[in-house]
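Notes for the one structure printed next.
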2 protein chains.
Amino acid sequence: MQVSNELRDYFPDGVFSQHCPSRVLLDHVMSKWGVLVLLALSEGEPLRWSELRRRAEGVSEKMLAQTLRTLASDDLVERHAKPVVPPHVEYSLTPAGQELAAHLVPLMRWVAGHAGEQRV
Amino acid sequence: MQVSNELRDYFPDGVFSQHCPSRVLLDHVMSKWGVLVLLALSEGEPLRWSELRRRAEGVSEKMLAQTLRTLASDDLVERHAKPVVPPHVEYSLTPAGQELAAHLVPLMRWVAGHAGEQRV
DNA sequence: CAGAATCCTCTAAGATACTG
DNA sequence: CAGTATCTTAGAGGATTCTG
């Protein structure tokens with residue numbers, strides 16, 4: 001394979017080093033609900049809070065709120081609140097989020113394709 | 001972007017559904033130490049236990065052991081124990097693990113490249 | 001509808017010590 | 001060297017209630 005050294009080259013400090021800032025972003029992106037939210041939004045159309053709750057099946061309100069806040073502060077997700085009543089809020093990917101999702105989707109497809117094929 | 005529907009097509013049951021087996025594999029792969037171990041091994045050469053501990057900086061013995069067991073049972077990582085004393089054990093990626101790593105590396109490179117650019 | 005606030009539980013994960 | 005065993009705790013995460 002020998003894909004790497006590129007990795008080390010790209011990030012001199014080392015993604016492996018304990019206090020590398022990438023660890024934080026990595027944890028956000030790779031978190032259980034973070035992945036699912038990014039994936040759900042990767043389809044292009046903005047989604048509403050309630051739609052996201054249904055898509056990421058099993059997520060609690062608390063975790064969805066937390067996940068969205070985190071991803072928003074990472075500039076991966078954008079929040080658009082229409083000033084109507086009842087409230088109408090939509091979430092979508094930022095350009096950065098779209099870049100990330102472009103990597104996430106094939107990965108997820110691979111994972112989905114291989115899930116259940118081995119003893120878990 | 002509109003990358004998806006492919007996702008749904010590929011996995012009819014939906015990767016988003018709560019008890020989809022992909023959730024389990026996803027959690028293993030996306031776990032903090034899982035990613036780092038897979039990444040470390042993606043460089044091609046097998047690594048020894050102690051080398052992995054150094055590479056995945058901050059990992060505890062317990063978590064490394066657990067991570068390796070999990071990844072091995074998912075058929076992503078292989079363990080080769082040479083019957084010598086003192087023990088000499090090497091870990092490497094399986095073919096499946098290499099496929100996965102091929103997706104993980106560009107993702108990680110993106111993450112590394114974007115870490116620290118926004119308020120965290 | 002889209003959350004915020006609160007409480008509570010459980011387990012992921014770290015620290016430590018021991019061993020084949 | 002390459003782990004396992006045990007103990008402990010922070011905090012991730014769930015359930016419920018409340019509100020602009």
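Predicted, not measured: the structure shown is a model, and the values here were computed from it. Labels below follow one simple rule: chain letters A, B, ... track the order of the sequence lines, proteins then strands, and each chain is numbered from 1. Hydrogens, waters and symmetry mates are skipped; everything else that's a heavy atom, side chains included, is used.
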Considering just the side-chain nitrogens and oxygens of [X], establish if one lies under 4.0 Å of OP1 or OP2 belonging to [N].
X	N	value
A:R48	C:dC1	no
B:S50	D:dC1	no
A:Y91	C:dG3	yes

Rounded to the nearest Å, what distance is computed from the [atom1] atom of residue [X] to the [atom2] atom of nucleotide [N]?
X	N	atom1	atom2	value
B:W49	D:dG3	CH2	P	6 Å
A:R53	C:dA2	CZ	P	11 Å
B:L52	D:dG3	CG	C1'	13 Å
A:H88	C:dG3	NE2	C1'	15 Å
A:R69	C:dG3	CZ	P	10 Å
A:E51	C:dG3	CD	C1'	16 Å
A:L47	C:dG3	CG	C1'	17 Å
A:E90	C:dG3	CD	P	12 Å

Can you name the one residue among A:D27, A:L26, A:V29 that meets side-chain contact (heavy atoms from CB on, under 4.5 Å) with B:V35?
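The residue from A:D27, A:L26, A:V29 that satisfies side-chain contact (heavy atoms from CB on, under 4.5 Å) with B:V35 turns out to be A:L26.
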Per the side-chain contact (heavy atoms from CB on, under 4.5 Å) rule, which among B:T67, B:L64, B:V37 passes with B:V59?
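Filter result, single survivor: B:L64.
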Could you identify which residues of residues 78-85 of chain B place a heavy atom less than 4.0 Å from some atom of DNA chain D, listed by residue number, or say none?
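Nucleic-acid contacts, sorted: B:R79.
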Can you find a heavy atom in the side chain of [X] that is under 4.5 Å from one in the side chain of [Y]?
X	Y	result
B:W49	B:E61	yes
A:K32	A:M63	no
B:K82	B:E90	yes
B:L36	A:R23	yes
B:L107	A:M30	yes
A:L52	A:L41	yes
A:R55	A:E43	yes

How bent is the helix from C:dC1-D:dG20 to C:dG20-D:dC1, measuring the angle between the end axes built from five pairs each, rounded to 10°?
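Computed angle between terminal axes is 60°.
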Minimum heavy-atom distance A:S17-B:E57, with the two atoms named:
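It is CA-OE1, 3.7 Å.
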Considering all heavy atoms, the nearest A:S42-A:L93 contact:
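So the minimum-distance heavy-atom pair works out to CA-CD1, 3.8 Å.
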Nucleic acid footprint by protein, nucleotides 7-20 of chain C - heavy-atom cut-off 4.0 Å, B for base, S for sugar-phosphate alone
B-----BBB-B--B
